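First the proteins, then the strands, lettered A, B, ... as listed; each starts at 1. In this text the structure is predicted, and so the values were computed from the model without any measurement.
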Amino acid sequence: MDKRVVFDENRCKGCELCVPVCPVDIIFIADRINKLGYHPATVTEQDKCISCMMCAKICPDLVIEVFKPEKKVAG
Amino acid sequence: MDKRVVFDENRCKGCELCVPVCPVDIIFIADRINKLGYHPATVTEQDKCISCMMCAKICPDLVIEVFKPEKKVAG
Amino acid sequence: MANETVLMKGNEVIGEAAVRAGCRYFFGYPITPQNELPAYMAKRLPEVQGVFVQAESETAAINMVYGASGAGARVMTSSSSPGISLKQEGISYLAGAELPAVIVNMMRGGPGLGTIQPSQSDYFQATKGGGHGDYNMVVLAPASVQELADLTMDAFDIADKYRNPVMVLGDGVLGQMMEPVAFKERQSAEFVKDWATTGKQGRSKPNLINSLYLDPEKSAEHNEELHAKYMTMAKNEVRYEVKNLEDAEVVLVAYGMMARITSSVMNKAREKGMKVGLIRPISVWPFPDEAFEMALPQAKAFLTVEMSKGQMVEDVRLAVNGRAPVYFYGRTGGVIPSPQEVMEQLEAVYAKVQGGEA
Amino acid sequence: MANETVLMKGNEVIGEAAVRAGCRYFFGYPITPQNELPAYMAKRLPEVQGVFVQAESETAAINMVYGASGAGARVMTSSSSPGISLKQEGISYLAGAELPAVIVNMMRGGPGLGTIQPSQSDYFQATKGGGHGDYNMVVLAPASVQELADLTMDAFDIADKYRNPVMVLGDGVLGQMMEPVAFKERQSAEFVKDWATTGKQGRSKPNLINSLYLDPEKSAEHNEELHAKYMTMAKNEVRYEVKNLEDAEVVLVAYGMMARITSSVMNKAREKGMKVGLIRPISVWPFPDEAFEMALPQAKAFLTVEMSKGQMVEDVRLAVNGRAPVYFYGRTGGVIPSPQEVMEQLEAVYAKVQGGEA
Amino acid sequence: MTYEILIAGFGGQGVMSMGMLLTYAGMLEGKYVSWIPSYGPEQRGGTANCAVVISDEEIGSPVVTEPTIAVIMNLPSLDKFEPTVSSGGKIFVNSSLIAKDVSRSDLLITKVPANDIAGELGADRIANMVMLGAVLAETRVVSEESIIESLKAVLPPHRHNLIPLNRDALERGKALVLAKE
Amino acid sequence: MTYEILIAGFGGQGVMSMGMLLTYAGMLEGKYVSWIPSYGPEQRGGTANCAVVISDEEIGSPVVTEPTIAVIMNLPSLDKFEPTVSSGGKIFVNSSLIAKDVSRSDLLITKVPANDIAGELGADRIANMVMLGAVLAETRVVSEESIIESLKAVLPPHRHNLIPLNRDALERGKALVLAKE
Amino acid sequence: MKQIFAKPQSMTDKVSHYCPGCTHGIAHRLVGETIDELGIADRTIGVASVGCSVLAYEYFDVDFQQASHGRAPAVATGIKRVHPESIVFTYQGDGDLASIGTAEAIHAAMRGENITIIFINNAIYGMTGGQMAPTTLLGQQTTTTPEGRRFEEMGAPIRMAEMLATLDGAAYVARFSLHDIPNITKAKRAIKKSFQYQLEGKGFTIVELLSTCPTNWGMSPNESLEWVQTDMMKVYPLGEFKTPEEGEKK
Amino acid sequence: MKQIFAKPQSMTDKVSHYCPGCTHGIAHRLVGETIDELGIADRTIGVASVGCSVLAYEYFDVDFQQASHGRAPAVATGIKRVHPESIVFTYQGDGDLASIGTAEAIHAAMRGENITIIFINNAIYGMTGGQMAPTTLLGQQTTTTPEGRRFEEMGAPIRMAEMLATLDGAAYVARFSLHDIPNITKAKRAIKKSFQYQLEGKGFTIVELLSTCPTNWGMSPNESLEWVQTDMMKVYPLGEFKTPEEGEKK
Ligand SMILES: Cc1ncc(C[n+]2csc(CCOP(=O)(O)OP(=O)(O)O)c2C)c(N)n1
Ligand SMILES: Cc1ncc(C[n+]2csc(CCOP(=O)(O)OP(=O)(O)O)c2C)c(N)n1
Ligand code: SF4
Ligand code: SF4
Ligand code: SF4
Ligand code: SF4
Ligand code: SF4
Ligand code: SF4
Ligand SMILES: [Mg+2]
Ligand SMILES: [Mg+2]
């Protein structure tokens with residue numbers, strides 16, 4: 001399955017603003033340290049993501065892109 | 001009779017602000033030129049003055065002093 | 001009015017010269033003795049689709065100049081001493097961001113509120129950097145109303161040529177006096193301002209007007225580039241007038257209004273048979289060192305006369321560098337040294353020179 | 001903390017020294033690299049019944065200083081380069097109205113917004129008059145944290161003694177570095193400020209703090225009095241340090257932080273057997289001309305080193321007045337010339353001197 | 001020939017425009033000219049003066065410290081400038097406002113009751129032109145025609161109706177001097 | 001003897017306080033000392049470094065351009081400062097965050113997995129003290145006791161409870177070096 | 001005969017340099033009367049600004065400082081912080097206070113500095129010869145708006161009193177006028193109130209006064225008074241905008 | 001998959017220098033989205049001020065000028081007068097706009113300059129390390145109010161939006177907040193409106209945005225958002241204070 005949220009990890013500053021706004025609570029801060037020296041936010045359970053864009057809208061650092069499955073037109 | 005209004009003529013700038021405010025219309029601008037080079041305001045009909053202080057209150061240049069007859073206590 | 005002689009006030013002449021040099025934007029704040037200039041611009045600029053804005057302060061004015069210049073316009077501001085002090089941060093910014101602009105200072109007596117009478121006591125501020133940081137600007141010091149016209153026009157070209165502010169340094173008398181003036185027809189080079197912020201307009205890279213260099217190495221590099229530019233300016237933009245240097249034993253040095261008076265004195269001295277010459281710096285930055293080289297073989301002494309306690313005299317000393325004594329006479333606070341006073345000083349110096357004392 | 005050695009940041013040391021010198025009022029506006037000073041004062045002044053006010057701008061701050069000083073207080077403000085530019089009108093007013101005050105400039109690289117890194121490129125502004133009009137102020141240039149303490153204290157006394165602003169001219173590194181410091185016990189003279197506006201309090205004549213002299217003759221007279229005072233200051237307040245001038249063929253000249261580095265270089269050069277000396281102006285106005293007289297009989301050349309494109313070097317040239325060549329080396333924009341760089345320059349000059357070229 | 005003229009009086013007495021007219025007229029006559037004003041702090045009232053140089057040669061100093069011609073419209077100006085007039089110079093005194101005599105004996109003195117004459121002409125403001133008429137007659141620094149030409153150039157067209165009155169004032173001033181001769 | 005020490009890393013790694021502790025300790029030991037910070041434009045994050053000089057003689061230049069000891073807490077700092085270290089100098093590298101090797105062969109290199117050890121101690125923030133322990137053990141620029149004394153002076157009293165943790169961190173860093181020997 | 005009107009004692013004998021009919025003179029007298037009535041001449045410190053009133057210190061027999069253009073509130077702040085028990089007032093024109101000194105006035109108010117500002121709004125720069133002020137009316141001709149002030153280019157008049165009244169730090173903000181006797185009386189009352197509030201430590205007080213500039217308006221003094229009434233007052237309503245008792249009024 | 005959220009095209013790829021969780025970044029994005037949506041990147045000229053946002057020009061792919069501290073509205077005036085057809089906006093902090101730049105902001109509004117100001121109110125000086133701003137709340141600790149801001153010494157917070165709304169020259173004055181998604185959405189709408197009004201030549205527009213400074217507030221980024229809601233909003237009510245349609249609201 002394609003990703004619904006893509007975190008550009010090396011932009012992330014680990015501020016955690018995205019963590020509490022996620023309605024399905026799938027965002028967490030990783031143990032690793034990124035190029036900037038921060039623990040980046042990340043999502044692994046992509047399937048749970050509902051593409052609500054909350055995380056992207058609160059993120060001050062343009063880390064997050066959000067995708068939505070194209071509606072398959074029946075036929 | 002003592003004067004009710006005293007114009008310190010050499011302070012006067014001939015601005016005429018005092019002229020229209022006088023309720024008894026006794027202030028006029030003299031022909032002579034004072035030390036400052038202006039035609040000063042003046043009052044000659046002191047007896048008509050009612051000591052209302054209008055002229056003094058509008059005068060921007062502290063030209064005018066106003067006096068009032070002391071009340072003679074009967075007896 | 002092309003080329004015809006008219007009688008105008010110095011301050012208004014600056015305005016007309018600016019308009020003829022293509023200046024279409026003026027931002028200023030009232031201060032005596034230069035008020036005729038903004039008043040002239042307020043009337044004149046709309047006639048040529050230009051814009052006059054009375055700013056809320058000198059500080060705002062110089063920053064409006066920054067914006068307009070960064071947007072690509074020929075632009076000017078003017079003030080007098082205290083107001084010019086308030087523009088120092090802005091002037092440093094113009095220099096740092098490499099923005100052309102013409103700044104007029106019609107000097108009055110200081111320090112502080114001082115007096116509205118004429119003076120030349122902002123020479124240091126103009127030439128050494130009243131603002132912070134290493135920067136220079138060409139400073140032109142006209143001595144007549146005609147020169148106000150000519151040098152104001154030059155100022156715009158110099159500003160655009162080097163992308164740098166240029167100052168026209170006059171004094172209260174020059175600004176308020178009337179003399180006949182003829183505005184010369186002239187062609188100024190076309191300057192392509194592809195660095196200006198106009199909106200990208202299809203450009204692939206945005207333009208940026210900036211003086212911030214957080215990285216010290218970059219900042220140093222920027223300063224080196226600026227310095228190289230200043231050195232070019234110093235080479236190319238020297239202007240001065242000399243009189244009777246060939247045999248002058250005493251050389252008078254003065255600029256602006258003071259040079260007019262000094263020149264009268266020189267003529268009278270010559271009539272008396274005294275070998276006296278004159279150096280009149282027209283650009284006070286760059287300072288015309290070469291004029292002193294012309295004078296030095298013969299000159300036994302220099303007498304600098306200023307409407308200040310002695311500012312330009314330092315540049316004279318630097319130019320002479322110990323090769324002859326440099327004397328000074330100055331009056332301050334709006335008092336213009338009279339020809340009689342200057343003559344007395346000159347005679348004293350001359351006597352020393354003759355007596356072999358100098 | 002009396003007389004005990006403590007480790008403090010330069011900027012905080014200025015604050016503590018000011019408090020110990022009796023300063024009870026501080027008006028300032030934030031700017032890097034001097035923010036530790038207002039922060040220190042905000043905490044410290046209330047402890048001694050003093051007042052700290054963060055002004056709305058540097059312009060407001062210097063005018064609050066004017067008011068407080070005119071009211072008779074020991075008062076201080078501080079900033080860094082762009083902020084000091086904004087204070088120029090106010091400084092000229094302080095000088096014009098003869099008000100004592102201490103102004104600290106922890107210089108950063110310019111021009112414009114520049115960089116927050118250290119620099120010495122406001123020398124001209126500080127010493128020649130960044131503001132309008134003829135005025136001077138004593139400008140003290142400490143080279144260590146200890147000297148920051150000592151000179152800050154001196155600054156207040158000098159200011160009160162002459163009723164004139166005094167500037168402490170440091171740089172970003174000096175302000176932010178930590179070194180051990182001992183605050184010396186000292187007695188400063190009592191200054192009777194019977195000219196201060198305190199309310200008439202029974203006085204028959206009101207006091208007036210003013211710099212306006214509309215009549216040019218009065219203005220000129222005021223300027224003459226000021227000038228006489230400046231000449232007294234110039235005579236009395238010269239401070240400098242010299243090293244190894246006795247046999248020095250090349251004399252290094254540097255002030256402040258740069259003098260520390262230059263002094264290291266001199267030591268290394270001496271180790272190599274080079275006859276090198278050092279002049280460190282501590283008062284950069286008045287400039288210590290006499291130190292050059294001490295050096296000149298022996299000195300074959302001078303090398304001035306600054307964190308600028310060459311400003312103090314003009315005063316060096318004026319002091320030397322052609323009697324020896326004066327060389328210059330400088331870096332800008334927050335880059336501090338390294339000992340290695342300076343040594344290279346020194347070796348080049350030394351070689352010229354040895355080769356009889358200089 | 002170089003005329004160094006100083007004109008002084010109260011603000012509002014037309015001191016500046018007298019100077020400007022002389023300057024303009026000088027220019028029309030092909031002379032080198034300069035005009036320098038000097039004001040007190042007051043916007044109105046107070047003292048004001050201007051310095052005019054009219055010369056056949058290029059003008060060195062436009063600043064006049066020892067005038068050869070002094071035109072004095074009020075008492076404070078007499079006190080201030082009488083001592084500065086160049087020996088042998090000419091001084092014109094507005095005797096309508098100045099009772100005091102000129103004390104120096106090395107000057108040619110012309111008293112002009114400028115305000116009185118202007119009053120007779122029905123226009124107090126024209127006193128300066130009366131004075132100017134006297135100055136022209138006595139010094140011939142420029143011609144009356146040049147002054148009239150200058151007036152035309154300086155006044156806006158809708159004020160040209162004032163020219164005859166100005167000419168009358170000039171004439172009255174002139175007549176005064178000629179009568180004296 | 002003069003130690004010229006440069007300490008560099010991300011803002012927030014405790015780079016400045018490492019330097020301050022060394023400086024304070026030097027002062028306590030009667031040495032001449034100086035400390036100079038240098039920050040990037042960022043308030044948090046970004047790079048930061050400080051220069052410490054500890055010497056038996058009066059300090060000329062407090063600016064350190066060719067450190068004899070370099071303490072490197074992150075990768076950008078290694079790239080920037082490795083070339084400046086004085087030949088024969090000592091370089092300490094936080095190997096928890098820096099995978100890259102030091103390329104110069106004329107330096108004494110000590111790798112300290114400071115963050116890992118700090119993690120083991122349960123306090124990420126203490127990585128700087130681990131590093132400092134290693135520096136002390138390797139260079140003996142000041143004694144551990146002086147550092148502890150300095151901590152007491154620098155920390156506010158209500159933070160003195162942290163001193164044992166800091167001491168542990170120092171010990172772990174020291175142990176690392178001693179183990180190597 | 002008993003004298004019922006005389007020059008205030010706290011004023012000097014000097015004839016002012018103001019133009020004939022300029023109401024600066026009236027404002028001066030009202031301040032002088034206030035100082036007399038409150039008996040504070042011995043502890044008052046005035047701050048003169050740069051404008052026609054630059055020489056104000058010549059006319060008051062109290063300690064004075066002359067401030068740089070626009071910065072009088074900052075200077076007053078410096079003074080008041082040193083002598084909190086003194087009475088400090090500034091006297092500023094509209095160019096001084098509402099243009100170059102905007103920030104200083106607003107921030108003194110924001111800080112609640114316990115000082116009084118007498119603010120002379122004459123809709124023009126008097127001293128420099130009649131340039132536009134921020135308070136110049138739309139359509140009003142000045143040397144820098146030769147065709148009259150146009151909204152498109154120079155916007156609309158600034159109302160300082162209304163603006164300052166939005167600040168919690170301001171205790172008393174009022175605007176009155178000097179164009180006739182009843183209004184002069186009200187102005188006097190406001191000035192006295194403002195000084196009184198300062199005496200009580202209430203904080204920042206300002207009285208804006210509509211004033212004339214016959215010279216630069218190109219009108220006679222009496223026409224000028226008229227114009228205040230007919231034109232200025234339309235743009236600048238009179239009254240108290242904020243009092244310590246009631247807070248901001250609207 | 002269809003992309004429904006991406007970096008605005010008018011913004012560059014640079015990672016900002018802002019601290020983790022600082023809402024300056026959100027404000028930047030909202031401006032970028034607005035420029036994209038209105039399709040004006042080619043004719044927009046930004047003015048960066050001095051404050052943490054001093055490097056704003058690094059993050060927008062439009063022409064930019066870096067202004068001196070507080071003077072961005074003056075710089076914008078210069079630009080706009082030269083290029084009236086361009087879209088000019090400034091981006092200023094509260095130290096920059098409400099302290100040193102008070103006069104420039106107020107007078108740009110008074111003139112009705114057809115520019116837009118994005119005003120980031122974070123109640124502190126961020127860049128210089130956490131000094132008091134004029135917008136600092138009472139009791140708030142900063143490096144220059146170590147005991148918290150006290151009314152007696154430093155007065156009360158300045159409300160720029162309310163003050164500017166008193167000016168006839170101001171067309172649109174609004175205050176919104178960046179502390180949660182609904183408020184971010186409203187803020188975005190206001191920013192877009194302000195640019196749109198500028199496009200329509202309506203005059204001066206300003207949007208004040210309550211923003212965080214976790215670093216100098218000494219809070220985590222999420223605590224900071226909370227503090228905006230619990231403390232800042234009490235002093236700074238949100239909403240539109242003036243619109244071109246309705247004039248000043250109260
Ligand atoms: C820094 C500075 N800028 C400008 C001036 C010139 N100046 C003197 S008075 C004045 C304005 C006066 O207007 P206002 O404050 O309205 O007072 P008014 O004369 O109308 O009473 C100005 C601009 C100055 N002295 N200093
Ligand atoms: C003339 C001048 N004064 C002071 C400074 C220092 N300075 C830089 S940023 C700043 C304030 C920043 O605060 P704010 O505007 O609130 O922006 P923030 O950092 O909070 O976003 C100051 C005072 C300067 N650069 N120039
Ligand atoms: S888009 Fe919504 S659901 Fe998906 S990760 Fe972001 S906040 Fe969670
Ligand atoms: S909000 Fe953005 S920067 Fe902050 S943790 Fe989430 S992704 Fe990272
Ligand atoms: S006091 Fe009254 S009545 Fe008497 S002159 Fe004055 S205005 Fe007229
Ligand atoms: S109001 Fe005063 S100054 Fe004016 S005319 Fe009357 S007395 Fe003279
Ligand atoms: S110029 Fe105007 S404000 Fe100034 S004194 Fe004259 S009338 Fe009054
Ligand atoms: S210091 Fe404050 S305002 Fe500046 S970037 Fe950091 S959090 Fe944001
Ligand atoms: Mg006014
Ligand atoms: Mg802020």
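- Although no hydrogens or angles enter the test, the distance criterion places a donor-acceptor pair under 3.5 Å between the side chain of D/His132 and the main chain of C/Gly112.
- Annotation: maximal heavy-atom pairing with chain C below 4.5 Å, among D/Gln125, D/Glu224, D/Gln88, D/His222, occurs at D/Gln125.
- The residue among C/Gly96, C/Gly330, C/Gly130 with the most heavy atom pairs within less than 4.5 Å of chain D is C/Gly130.
- Both the backbone and the side chain of C/Thr332 come within less than 4.5 Å of a heavy atom in chain D.
- Judged by distance alone, with hydrogens and angles left aside, the side-chain atoms of D/Asp134 form a donor-acceptor pair with the main-chain N or O of C/Lys309 at under 3.5 Å.
- Remark: the backbone N or O of D/Leu113 is paired with a side-chain donor or acceptor of C/Ser211 at under 3.5 angstrom.
- At least one donor-acceptor pair under 3.5 Å links the side chain of D/Asn223 to the backbone N or O of C/Gly110.
- Looking at heavy atoms from C-beta onward, D/Glu58 lies out of side-chain contact with C/Glu89 at the 4.5 angstrom threshold.
- Both the backbone and the side chain of C/Glu217 have a heavy atom closer than 4.5 Å to some heavy atom of chain D.
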Subject >> Derivation and outcome, side-chain contact (heavy atoms from CB on, under 4.5 Å), residues D/Leu318 and C/Leu318 >> reply: CA-CA 6 Å; D/Leu318 286 167; C/Leu318 287 167; 3.9 Å; yes

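- Of all heavy-atom pairs spanning C/Val335 and D/Pro216, the tightest one is CG2-O, 3.4 Å.
- Most heavy-atom pairs under 4.5 Å with chain C, from the set D/Gly310, D/Ser80, D/Gly133: that is D/Gly133.
- Residue with the most contacts toward chain C among D/Arg317, D/Glu314, D/Arg331, D/Arg108: D/Glu314 (heavy-atom pairs, distance under 4.5 Å).
- Residue C/Ile91: no heavy atom, backbone or side chain, is found under 4.5 Å from chain D.
- In this structure, no portion of C/Ile84 lies under 4.5 Å from any heavy atom of chain D.
- Interface summary for chain D: among C/His227, C/Lys87, C/Lys218, the most heavy-atom pairs under 4.5 angstrom belong to C/His227.
- Inter-residue side-chain proximity for C/Leu226 and D/Pro111 is flagged as met; some heavy-atom pair is nearer than 4.5 Å.
- Here the side chain of D/Asn321 pairs a donor or acceptor atom with the backbone of C/Gly322 at under 3.5 angstrom.
- Only the side chain of C/Gln311 comes within contact range of chain D, with heavy atoms under 4.5 Å apart.
- Rounding to the nearest 0.5 angstrom, the gap separating the OG atom in D/Ser85 from the CG atom in C/Leu86 is 11.0 Å.
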